[in-house]
Amino acid sequence: MPELPEVETVRRGLIQILPGRRFVDVKIRQNRLRKEIPASALRKHLPGQTVKDIRRRGKYLLIGLSQGGTILLHLGMSGVLIIDPPENDLYQHDHLLFIFDRGELRFRDPRRFGLVDWISDGHPEQHPLLASLGPEPDDPEFNLEYCLRRAFSSSRPIKNWLMDGRFVAGVGNIYASEALFAAGIRPDRPAGNLTAGEWKRLIHALRGVLKEAIEQGGTTLKDRGFKDLLGKGGRFQHHLRVYGRAGEPCTACNDPVQKVMLAGRSTFYCPACQK
DNA sequence: ATTGTCCCCTGCCCGC
DNA sequence: TGCGGGCAGGGGACAA
């Protein structure tokens with residue numbers, strides 16, 4: 001569900017609320033997510049600590065603690081964080097509850113593709129799940145030279161390349177389609193065949209799409225889709241140009257938007273506008 | 001080394 | 001109304 005803009009939306013919410021709060025308890029109702037929640041480590045290290053900072057790396061959230069250690073969170077497909085929910089509002093898929101001296105942060109994830117981990121040392125970037133992540137899309141390191149080098153001679157469709165976190169972090173199914181539309185590049189083009197000019201357009205388009213999506217608070221496709229900390233949906237679904245719009249007229253040329261499957265994922269594009 | 005397939009899990013929507 | 005199949009915004013393990 002959540003890609004970079006949605007996770008960033010959550011991060012910006014957390015940074016307004018969590019710093020200074022003190023953990024007093026951790027309640028785990030279901031510890032089998034993508035990876036088992038390290039219950040004993042969280043119970044051992046969290047109580048008494050306060051939240052120092054909240055960072056994002058790709059689709060991962062990192063909650064840094066005052067006396068060392070970091071909570072690593074990934075929302076998977078269906079995960080949401082909820083701040084200070086009403087006490088009588090506990091749901092079946094509320095798996096993890098961080099209890100603070102005032103209030104509570106809750107992790108809800110029906111599909112359990114999410115992940116919670118504990119990083120004890122001061123180098124969270126070396127965590128196995130983060131170490132192989134590519135640069136952030138807005139990192140200067142993610143530039144023309146980098147893309148040409150990492151995609152050299154690759155026959156993978158460019159959309160699959162964009163969604164591979166080892167090349168660039170945080171791009172998922174929605175924003176890959178949207179960025180390729182904005183760049184005018186067909187999603188099934190082999191990544192190794194893009195020209196320098198096309199890469200420049202793509203890098204620029206990706207950054208632009210992500211920036212606008214963050215400004216709009218992310219994408220909420222359905223009522224049950226992404227929600228921020230306070231349970232509010234995003235607004236970028238009203239700005240989507242191709243995603244989910246199969247058969248509808250292209251906003252640029254009126255030709256019908258096409259849907260194809262790439263690597264098992266729905267992919268949307270305009271055959272007239274994207275070459 | 002790169003690339004595709006399968007799988008984890010629940011819920012919803014569609015067609016029969 | 002019930003049921004099976006397919007699909008859902010992620011990503012890791014594995015095999016070819």
Side-chain angles (χ1 to χ4, degrees), chain A residues 1-10 29-37 56-61 72-81 91-96 107-117 127-134 149-180 187-193 206 209-210 213-214 216-228 233-237 239-246 259-268:
Chain A
M1 173 191 290
E3 305 182 34
L4 188 156
E6 289 74 35
V7 179
E8 178 62 18
T9 297
V10 172
R29 306 173 70 235
Q30 163 66 271
N31 67 3
R32 295 186 55 198
L33 305 183
R34 187 171 119 203
K35 175 180 185 300
E36 189 173 318
I37 298 177
R56 179 189 58 73
R57 181 75 174 93
K59 298 168 189 167
Y60 289 91
L61 282 169
L72 182 68
L73 289 171
H74 193 291
L75 302 178
M77 290 274 261
S78 59
V80 290
L81 290 175
Y91 283 78
Q92 177 187 359
H93 300 295
D94 290 350
H95 305 312
L96 175 63
F107 181 64
R108 177 178 301 168
D109 184 13
R111 290 179 72 181
R112 288 198 266 139
F113 287 174
L115 176 140
V116 179
D117 207 356
H127 187 282
L129 292 170
L130 304 181
S132 59
L133 271 185
R149 178 164 50 82
R150 294 301 303 272
F152 178 72
S153 81
S154 172
S155 61
R156 294 180 82 179
I158 181 58
K159 179 186 175 249
N160 300 3
W161 189 96
L162 280 176
M163 291 176 63
D164 189 329
R166 293 169 302 176
F167 299 133
V168 59
V171 182
N173 205 35
I174 292 181
Y175 299 107
S177 277
E178 291 298 311
L180 286 164
D188 57 355
R189 285 274 302 283
N193 289 4
L206 177 62
V209 164
L210 295 175
I214 291 169
Q216 296 298 323
T219 299
T220 301
L221 287 176
K222 301 170 187 164
D223 289 348
R224 310 190 95 78
F226 165 75
K227 297 287 172 54
D228 68 13
R235 300 174 303 280
F236 193 71
Q237 62 274 16
H239 300 250
L240 295 172
R241 309 287 298 275
V242 287
Y243 188 89
R245 301 192 63 235
K259 173 184 175 179
V260 294
M261 296 299 270
L262 282 180
R265 311 297 298 278
S266 294
T267 303
F268 301 86

- Note on the structure: Rounded to whole Å, CG of A:Leu130 lies from C1' of C:dG10 at a distance of 15 Å
- Task: Mind listing the closest non-hydrogen atom pair of A:Tyr91 and A:Arg29 along with its distance?
- Result: O-NH1, 2.9 Å
- Measure from NE2 on A:His127 to P on C:dG12 and round the result to the nearest Å. 11 Å
- Query: Within this structure, what is the CZ-to-C1' distance between A:Phe268 and C:dG9, rounded to whole angstrom?
  - Reply: 11 Å
- Query: Between atom CZ in A:Phe236 and atom P in C:dG9, what is the gap in whole Å?
  - Reply: 16 Å
- So where does chain A start and stop touching DNA chain B, 5' to 3', when the test is distance under 4.0 Å to a non-hydrogen atom? B:dT3 to B:dC12
- Message: Please tell me if A:Arg34 has a side-chain N or O lying less than 4.0 Å from either OP1 or OP2 of C:dG10.
- Response: no
- Residue-level proximity of residues 153-166 of chain A to DNA chain B when a heavy atom falls under 4.0 Å: A:Ser154, A:Ser155, A:Arg156, A:Arg166
- Item | A:Phe268 backbone acceptor or donor facing A:Ser177 side chain under 3.5 Å | yes
- Message: More than 12 heavy atoms of other residues, nucleotides or ligands under 6.0 Å from CZ of A:Arg32: yes or no?
- Response: no
- Side chain of A:Arg56, backbone of A:Gly58: donor and acceptor closer than 3.5 Å? yes
- Task: Examine distances only and state if a side-chain atom of A:Glu6 and a backbone atom of A:Thr219 form a donor-acceptor pair shorter than 3.5 Å.
- Result: yes
- Nearest-Å distance for atom pair CD/P, residues A:Gln216 and C:dG9: 21 Å
- Task: Under 3.5 Å for both distances, Watson-Crick or G-U wobble, that's the pair rule; now give the dot-bracket for DNA chain B, with | marking pairs to another strand and [ ] for crossing ones.
- Result: .|||||||.|||||||
- Using a cut-off of 4.0 Å on non-hydrogen atoms, how would the nucleic acid contact of A:Leu33 be classed: base, sugar-phosphate, or nothing? nothing
- How far, in whole Å, is B:dC7 from C:dG5 if one measures between their P atoms? 15 Å
- Message: Measuring only the C1' atom in each nucleotide, how far is C:dG11 from B:dC12? A whole number of Å is fine.
- Response: 22 Å
- Message: Return whichever of A:Phe113 or A:Gly264 has its heavy-atom-nearest nucleotide of DNA chain B closer to the 5' end.
- Response: A:Gly264
- Message: Applying a 4.0 Å non-hydrogen cut-off, can you work out what A:Tyr60 is touching in the nucleic acid: base, sugar-phosphate, or nothing?
- Response: sugar-phosphate
- Could you tell me whether the side chain of A:Glu3 and the main chain of A:Asn173 form a donor-acceptor pair under 3.5 Å? yes
- Are A:His74 and C:dG11 close enough that a side-chain N or O sits under 4.0 Å from OP1 or OP2? yes
- Message: Let's go through A:Ile37 and A:Phe107 carefully: what are the C-alpha distance in whole Å and the side-chain angles of both, what is the deciding distance for side chain to side chain contact (heavy atoms under 4.5 Å, CB included) to 0.1 Å, and is it a yes or a no?
- Response: CA-CA 12 Å; A:Ile37 298 177; A:Phe107 181 64; 5.6 Å; no
- Between P of C:dG10 and CG of A:Leu221, the distance in whole Å: 11 Å
- What residues, two or more places apart in sequence or in another chain, satisfy ring pair (Phe, Tyr, Trp, His ring centres under 6.0 Å) together with A:Tyr175? A:Phe236
- Task: Determine yes or no for a side-chain-to-main-chain donor-acceptor pair under 3.5 angstrom, with A:Glu178 supplying the side chain and A:Val242 the backbone.
- Result: yes
- Any side-chain heavy atom of A:Tyr60 sitting closer than 4.5 Å to one from A:Leu73? no
- Between C:dG12 atom P and A:Arg32 atom CZ, what is the distance in whole Å? 19 Å
- Item | Residues in ring pair (Phe, Tyr, Trp, His ring centres under 6.0 Å) contact with A:Phe113, at least two apart in sequence or another chain | none
- Query: What integer distance in Å separates A:Asn173:CG from C:dG11:P?
  - Reply: 11 Å
- Message: Does a side-chain N or O of A:Tyr243 approach OP1 or OP2 of C:dG9 to a distance below 4.0 Å, or not?
- Response: yes
- Would you tell me if any nitrogen or oxygen in the side chain of A:Arg112 comes within less than 4.0 Å of OP1 or OP2 on C:dG10? no
- Note on the structure: salt bridge (Lys or Arg N to Asp or Glu O under 4.0 Å) filter on A:Arg34, not counting sequence neighbours, yields none
